[in-house]
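What follows is a single structure, written as C-alpha cells, with notes after it.
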Amino acid sequence: MSLSDAAFPDEPSAYELLSWYAEMGVTEALDETPHNHFAEPAPLPAERGGRPALRPLPGRAPVAVRPMAAAATASDEATLGAQALAREARTLEELKAALATFEGCALKATAKNLVFADGNPEGRVMMVGEAPGADEDRVGLPFVGRSGQLLDRMLAAIGLSRKEHVYIANLLPWRPPGNRTPTPQEVAICLPFIQRQIELADPDILVCVGAPSAQGLLGFKGIMASRGRWVEYDTGSRRIRAIATLHPAYLLRRPLDKRLAWRDLRALKAALDGKN
Ligand code: URA
C-alpha cells in the first residue's frame with residue numbers, strides 16, 4: 001500500500017480512475033494546445049463592447065495578469081480573422097475552402113476532418129447542431145451517427161428528407177476532443193463562419209438543434225424554456241424565421257421528451273405549409 005493509499009483509503013488508483021473515464025466514454029486525454037483555464041472567456045460578438053480592462057489584482061505581481069490578457073487577445077484576433085475570411089466568401093464552396101485554410105481554432109488540430117455540411121443547400125430549412133461527434137469527424141459529414149439517424153427519422157415524420165429539403169451544418173465544424181462542450185472562445189471564433197453559411201444558404205427557416213446552437217445563434221439561454229418559440233433571425237441579407245428544438249442526442253437519453261420535439265416539428269411543418 002502506498003503512502004497516499006494509506007492516507008486516503010477511499011481514493012481510486014490511477015488505473016481505476018482511467019478505467020472509469022473510459023467507461024464514461026472519454027476517448028481522448030490530451031489536447032494538442034495548452035489552455036489557460038484562468039483566462040477571461042472571450043465575449044460572444046453580441047456582448048462585445050463592454051469588456052472591462054484587465055487590471056492586476058491588489059498584491060499580485062502584474063506578470064500573473066499578462067498571460068491572461070495575451071490569451072484573450074489571441075482569441076479576439078482569431079475571431080476577427082474568422083470574420084474577415086467569412087465575409088470574403090461569396091459562395092458556400094468558397095466558405096468551405098476558407099474554413100479549410102483557417103488556423104485560428106485549436107479544434108482543427110485534434111479533428112480528423114472538417115465537417116462543413118450535408119443535405120440540400122437549396123432546401124427551405126437549415127438545421128444547425130452543436131459540433132461533430134466521433135462518427136461525423138471520421139466521415140466528414142454532420143449528423144451521421146446515432147443522433148443523426150434519429151434526426152432523419154424525425155424529419156421523415158413530417159415528410160422532409162435531408163437529401164431534398166434540409167441543409168444541415170453545425171455551430172462548430174470541428175469535433176471537440178472527447179465530445180466535450182465547446183468553450184465560449186471556440187464558439188466565438190467559429191460563429192462568423194456559421195453565420196455566413198446561413199446567409200449564403202439563405203433558407204426560409206432556421207432550426208437550431210440543441211442548446212449551444214440556440215444560444216450561439218439566437219441568444220437563447222435555457223433550451224427547455226426557449227424551444228418551440230418562433231423568433232426572427234437576421235441573416236445579414238434578410239430576416240427569416242427561426243426556432244430552437246431539443247438535440248436528438250438528448251432525446252436518445254430522455255425519450256419521454258420526444259413529445260416536446262414532436263411539437264416543434266409540427267410547428268416547423270405548419271410554418272412550411274404557411275399555416276402559422
Ligand atoms: N451532434 C451534433 O450536434 N452535430 C453532429 O453533427 C452530430 C452530433
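Note that the coordinates shown come from a computational prediction; the quantities given were computed from them, not determined experimentally. These numbers come from the heavy atoms of this one structure, side chains and all, not from hydrogens, waters or symmetry mates. All ligand and atom numbering here is 1-based and tracks the order in the structure.
- Each of the atoms 1 (N), 2 (C), 3 (O) of ligand 1 lies under 4.0 Å from some heavy atom of His247.
- The distance from ligand 1 to the heavy atoms of Pro142 drops below 4.0 Å at these ligand atoms: 6 (O).
- The distance criterion of under 3.5 Å between nitrogen or oxygen atoms is not met by Gly129 with respect to ligand 1.
- Counting heavy atoms closer than 4.0 Å to ligand 1, residue Glu136 contributes side-chain atoms (C-beta onward) but none from N, CA, C or O.
- Among protein heavy atoms, the minimum distance from atom 4 (N) of ligand 1 is reached at Asn170 OD1, 2.8 Å.
- Under the side-chain contact (heavy atoms from CB on, under 4.5 Å) rule, Leu99 has a single partner from Val115, Ile194, Leu85, Leu114, which is Leu114.
- A cation-pi arrangement is not found for Arg227 relative to Phe220, the charged atom failing to lie both closer than 6.0 Å to the ring centre and inside a 45° cone about the ring normal.
- The pair Arg196-Glu199 meets the salt-bridge criterion, with a side-chain N (NZ, NE, NH1 or NH2) lying under 4.0 Å from an Asp/Glu carboxylate O.
- With no hydrogens or angles considered, a side-chain donor-acceptor pair links Gln197 and Tyr167 at under 3.5 Å.
- Heavy atoms of Ala131 come nearer than 4.0 angstrom to ligand 1 in at least one pair.
- When heavy-atom distances to ligand 1 are checked against a 4.0 Å cut-off, Ser147 comes that close only through its side chain, counted from C-beta outward.
- Ligand 1 is never approached by Ala249 to a heavy-atom distance shorter than 4.0 Å.
- Glu232 has no carboxylate O lying under 4.0 Å from a charged side-chain N of Arg238, or vice versa, which leaves the two without a salt bridge.
- With sequence neighbours excluded, the residues forming a salt bridge (charged side-chain N to carboxylate O under 4.0 Å, His left out) with Arg162 are Asp118, Asp152, listed by chain and number.
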